[in-house]
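Here's the structure, in structure tokens; my notes come after.
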Amino acid sequence: MTTRFIEIMVGLFVVLGILALFMLAMKVSNLSGLTRSDSYEISAYFENVGGLKVRSPVTVAGVRVGQVTGIVYNSDRYEAQVSMRIGVMHDYFPIDTTASIYTAGLLGEQYVALEPGAEDDVLKTGDTIEFTQSALVLEEIIGKIVVKLTSG
Amino acid sequence: MMESIIQIRELHFARGTHKIFNGISLDIHAGQVTAFMGPSGTGKTTLLKIIGGQLRPDKGNVQVYGKDIHHVSQNELYDLRKRMGMLFQSGALLTDINVFENVAFPLREHTRLPEQIIRDLVLIKLEAVGLRGARRLMPSELSGGMARRVALARAIVLDPSMIMYDEPFTGLDPITKGTIVTLIKELNETLGIASVIVSHDVNETMSIADYIYVISDGQVVESGTPENLGSSSSPWLQQFLQGLPDGPVPFHYPAENYRDDLLAGR
Amino acid sequence: MVTATIQNLGHWTLSLFERMGRASIFFVRVLAAVPSTFTRPRLIIKEIYSIGVLSLTLIIVSGFFVGMVLGLQGYVTLVDFGAEESLGVVVAITLVRELGPVVTALLFAGRAGSALAAEIGLMKTTEQLSSMEMMAVDPIKRVIAPRFIGGIISMPLLTIIFTAVGILGGRFAGVGLLGVDEGSFWSQMQANVDLVDDVANGMIKGVVFAVVCVWIALYKGYEATPTAEGISLATTQTVVNSAFAVLGLDFILTALMFV
């Protein structure tokens, strides 16, 4: 067992550990999430955010373009304000873009879907999306159905 | 008589309630072979460990090179230890490195000598114990006598002025025993290294020691040159030197009456 | 009778404190020897080899199988709710937060911890530590500290490798064998596993367990009775005490981190 062999093996061991850490950081967790320099932040007001959470994905046409960074209640508008961080390569959203909260599958997680509008001006940092569609809350729908059934 | 390098005064040491030393005083002189003899279990090895500062006496004072070894700082203690070699009964070689590295170990730990000089020094010491050819063997491949010789090479590699030998002759065949006796003598005569031998091998010890302390029951019972001891009239000493099974030192460990003991089971 | 029981209890308590005190003093002595050991990286590299590299096969094989089992069990449960896309999340969260650090620590205690305790116990029995002291070499600096550092570098690396391999094992079982969609397996995982909250906290567990396991192994070896029986006792106690310490600490850390 030469010193050289031991040193090579230890070197490989450390490289393997770093590769594994790299995998945990980039592929397993959301370090690949956006940093301040390569993204811009916009917000939208919803009547009801349902089960939307911080770090939920923001998609357009089903493609992930960013993530939710904050959800707070705005007492002036009586609505929830959702902040989103979008990658700078996706800087083509017209100001009349619509934001909707959808659910992936029946019980899956909720996400924000953006649907681009037709205006020439595009959204920039700090802008607010005016057209929104709230989350469908399952209990509300069931309630409505029950009311309809019992009244009819 | 040359200057005394180790002075032990009124040493008391106990393991639990068992008293091992009960007021021992003795001197070890530079350039001499001093031997401690005594029956098994009289704490001869303990004495070496006390001199080396590994064990602390309960009472009394041990001066090594003029310093109280049990009341010095760790650094001073280590400086003192660099001046004494110790040969353990088992050799106590480091089992994960080979013979060469074992002998080089103190050099690598305590000096920043270039590799070439370390190599020369190690080979000189290995040549002195006749094992230059065995330098690549691992400790597990050595016989008991060879391991002890390697350990001896290691003990002298820092050129100490004193070496302590713990039972250097025990468990060796006559030829190897003779080799070790010769080595101890040569190291003492050619390098002027003071030697402290702990042993109960009477013949070998008598043949090389300049001065002998006989220890029993925690005390020095006799001391003197081999000639003095040989002509001593003490019956105890004669029993010990001639290896008689019974005499002043009883064959039996203290016990109640034999007949009563046998009948007690009924 | 009652007095005897109380006396036994008192004796046991006092000896517990004494042992804890000795272990703490030992720990402080090792820590004090750590800085000077970094000047001799060769000693550390050798220990990383025998502690870390030699445990690698065990860790990789175990990690892969644990991950596959998680994939199978997670699938069986999730498929009833039509939520098998969440399999990646289940596998990753379980491994990153709990099973990675804990199982690695238990395997480490069994493989490397017991070996460390036995090695040092044997060095003590064969007077190697004593002879080093007589050569004016401090065994804490020369023998214990390099192993301590080697273990504390190795074990978190092993934890990371175990976790990563486990996730690959889960992917193999879920995506490869059971046909879960690969895209949602990874994307749901990414959306729900946080680098700081999950991965970093899991790594902190790994480091804490490393310190505890290595400390226990080295202390048990260093304090072993120098007989064959003493060494066997030291290795057994290393594994048992490490397991208790890791599981107990895991509960406390989980309560602090994730609740």
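In this structure, the portion of C:Lys46 lying under 4.5 Å from any heavy atom of chain B is its side chain and not its backbone.
Other residues, nucleotides and ligands contribute over 12 non-hydrogen atoms within 6.0 Å of the CZ atom of B:Arg108. With a 6.0 Å radius and a threshold of 12 heavy atoms from other residues, nucleotides or ligands, C:Lys141 has its NZ atom at or below the threshold. Atom CZ of B:Arg132 has 12 or fewer heavy atoms from other residues, nucleotides or ligands within 6.0 Å.
Between B:Met86 and C:Ser131, the closest side-chain pair of non-hydrogen atoms is not below 4.5 Å. By the 4.5 Å heavy-atom criterion applied to side chains, B:Arg154 and C:Met135 are counted as neighbours. Taking 4.5 Å as the limit, some side-chain heavy atom of C:Met132 sits within range of a side-chain heavy atom of B:Leu94.
Counting only distance, with no hydrogens or angles, the side chain of B:Gln54 and the backbone of C:Ser130 share a donor-acceptor pair below 3.5 Å. Proximity of a side-chain donor or acceptor of C:Glu127 to a complementary backbone N or O of B:Gly91 within less than 3.5 Å is not detected.
Note on B:Pro106, B:Gly52, B:Ala92: by heavy-atom pairs under 4.5 Å with chain C, the leading option is B:Ala92.
For residues 62-85 of chain B, a heavy-atom distance under 4.5 Å to chain C picks out B:Gln74, B:Tyr78, B:Arg81, B:Lys82, B:Met84, given by residue number.
In this structure, CG in B:Leu93 is found 9.5 Å from OG1 in C:Thr126, a value given to the nearest 0.5 Å.
Contact detail for B:His110 and C:Ala136: the closest heavy-atom pair is CE1-O, 3.0 Å.
With sequence neighbours left out, the side-chain hydrogen bond (donor to acceptor under 3.5 Å, both in side chains) criterion links C:Ser62 to no other residue. Scored by the salt bridge (charged side-chain N to carboxylate O under 4.0 Å, His left out) test, B:Asp166 finds no partners at all (sequence neighbours excluded).
Identified under the side-chain hydrogen bond (donor to acceptor under 3.5 Å, both in side chains) test for residues 29-42 of chain C, with sequence neighbours left out: B:Glu109-C:Arg40.
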